[in-house]
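Input: one structure, supplied below.
Whatever order the structure lists them in is the order used to number ligands and atoms, beginning at 1.
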Amino acid sequence: MPMVGLGTYQGRDDEMRRVLKWALESGYRHIDTAAVYQNEAEIGDVLHEWLSSGCIAREELFVVTKMPAIANRAGDVGRFLQKSLAKLRLSYVDLYLIHIPVGMKANSDDDDRPFDSQGNCLLDFDTDLEGVYKALEEQVDAGKAKAIGLSNFNSKQIERIFKVCRIKPANLQVEVHVYHQQKALREVCRDFGISICAYSPLGAPYTVKGSDEYPILLQHPVVTSLAKRLGRTPAQVLLRFLIQNQMPVIPRSTNQERVKENFQLFDFELSKEDMASLEALDRKGDGRIYDFKEIFKGIEKHPEWTFRIPY
Ligand code: A2P
């Protein structure tokens with residue numbers, strides 16, 4: 001798994017196509033998407049162009065997509081992966097992740113959003129995570145996914161998967177950034193031999209409001225002064241911190257210069273002291289941005305809601 005991937009959450013239409021072209025031109029080979037991002041078809045168009053013109057070989061690419069929560073039933077896994085592959089115009093993905101451990105239901109046959117007319121999340125309380133994971137293993141057997149893994153799972157859920165799995169989850173994708181360093185979960189994953197991919201590695205600068213005590217990460221004085229001393233940007237410092245902690249990162253941007261900048265992380269290094277100064281900014285659980293309660297109203301009622309325990 002290349003250490004820098006292109007994040008594509010909220011990327012749509014022609015903008016998505018443009019951003020992916022810039023990313024491939026800048027050297028990105030790892031692309032992260034998900035069925036719910038609704039951009040697999042745009043990504044598929046660009047990949048097809050690059051692959052069919054011989055600009056790139058399939059083996060050079062590392063394409064990750066994620067199974068939507070409405071597919072969290074063993075019998076649905078194969079069908080949903082096939083849908084993603086058709087949109088991506090690929091015969092296999094390099095990594096297929098269960099996007100979230102909570103099972104949901106589609107609104108209707110024509111509307112696959114998991115919400116009722118009041119905006120409440122339609123939960124499937126019968127989620128059988130172990131069964132779902134076994135169905136993912138069958139997709140590896142069928143050659144449709146080179147590797148499989150988890151996203152937004154907690155340590156207990158990971159442990160349960162390890163008890164039943166035949167093919168180890170290769171990767172866990174979770175929120176990790178300097179304010180939310182996930183040290184406890186990282187230790188659990190290290191023991192199991194699972195790599196962690198960091199989403200929102202810049203601390204979601206447009207989602208959070210900064211305060212005097214906790215400024216937006218990209219503007220934190222420790223980060224900006226390090227960046228100034230090293231002749232780098234704050235984003236590069238934040239991303240490099242995660243890479244030096246052995247975590248692949250998937251920053252997203254709609255701006256060509258920033259797409260490029262986020263890939264230029266391999267010609268400088270943070271010293272032990274620099275790493276320690278960033279490590280000291282960890283806010284632990286308080287630094288978490290996403291618990292999904294806002295996006296999925298009522299999600300905390302589901303028995304598999306991730307954040308019932310601290311990690
Ligand atoms: P933009 O598209 O204007 O570049 P996260 O993945 O943590 O949620 O952060 C994503 C946001 O961070 C994007 O909206 C993006 O905005 C912004 N961003 C991405 N790269 C950089 C960068 N190098 N410097 C500043 N902001 C960035």
Side-chain angles (χ1 to χ4, degrees), residues 2-28 30-34 36-39 42-43 64-66 97 99-100 151-152 171-182 196-210 214-228 230-245 247-268 270 278 281-283 286-292 294-295:
M3 291 302 278
V4 186
L6 179 72
T8 65
Y9 174 52
Q10 292 178 328
R12 289 283 167 85
D13 308 320
D14 277 346
E15 181 173 81
M16 183 69 254
R17 291 190 185 89
R18 257 195 319 272
V19 167
L20 179 52
K21 277 184 201 160
W22 295 333
L24 291 169
E25 284 161 8
S26 308
Y28 288 73
H30 166 185
I31 296 131
D32 181 86
T33 182
V36 294
Y37 301 169
Q38 293 180 30
N39 56 22
E42 288 87 338
I43 290 171
V64 184
T65 194
K66 313 184 196 83
L97 302 175
H99 204 154
I100 189 170
S151 182
N152 299 306
N171 183 255
L172 171 74
Q173 187 178 121
V174 284
E175 177 185 338
V176 191
H177 43 77
V178 163
Y179 276 159
H180 188 50
Q181 296 183 23
Q182 297 267 32
I196 291 192
C197 177
Y199 76 65
S200 292
L202 303 174
Y206 295 125
T207 305
V208 292
K209 278 201 187 77
Y214 296 113
I216 288 172
L217 251 186
L218 282 164
Q219 294 162 10
H220 194 290
V222 168
V223 178
T224 53
S225 64
L226 259 178
K228 198 166 171 199
L230 295 166
R232 298 288 161 167
T233 66
Q236 288 172 325
V237 167
L238 293 174
L239 297 171
R240 181 74 206 183
F241 173 77
L242 298 173
I243 286 178
Q244 280 186 222
N245 276 307
M247 283 176 279
V249 292
I250 45 170
R252 63 196 166 103
S253 173
T254 50
N255 171 281
Q256 186 170 13
E257 285 314 305
R258 292 195 281 277
V259 168
K260 261 195 207 167
E261 165 188 330
N262 294 344
F263 194 73
Q264 285 161 2
L265 306 174
F266 301 101
D267 55 352
F268 76 107
L270 299 170
L278 292 167
L281 302 183
D282 191 7
R283 297 177 58 199
D286 289 341
R288 174 180 292 123
I289 299 159
Y290 298 108
D291 63 10
F292 306 116
E294 256 176 59
I295 310 173

Under a strict 4.0 Å criterion on non-hydrogen atoms, which protein residues are in contact with ligand 1? Ser200, Pro201, Leu202, Gly203, Ala204, Pro205, Tyr206, Leu218, Ala235, Arg252, Ser253, Thr254, Arg258, Glu261, Asn262
Using modelled atom types and a 3.5 Å cut-off, is there a donor and acceptor pairing between side-chain atoms of Asp32 and backbone atoms of Gly7?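 Side chain of Asp32 to backbone of Gly7, a donor-acceptor pair under 3.5 Å: no, none is there.
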Applying salt bridge (charged side-chain N to carboxylate O under 4.0 Å, His left out) as the test, list every pair that has at least one member in residues 231-243; sequence neighbours left out.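 Only Arg232-Asp267 qualify under salt bridge (charged side-chain N to carboxylate O under 4.0 Å, His left out).
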Pairing residues for Tyr28 by the ring pair (Phe, Tyr, Trp, His ring centres under 6.0 Å) criterion, not counting sequence neighbours: Phe263
Tell me every residue that passes ring pair (Phe, Tyr, Trp, His ring centres under 6.0 Å) with Phe266, counting only those two or more places apart in sequence or in another chain. none
Answer yes or no: is there a donor N or O on one side and an acceptor on the other, between the side chain of Ser200 and the main chain of Glu175, under 3.5 Å? no
Would you call the rings of Tyr179 and Tyr214 parallel, tilted or perpendicular, where under 30° means parallel and over 60° means perpendicular?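 Aromatic pair Tyr179/Tyr214 classed perpendicular.
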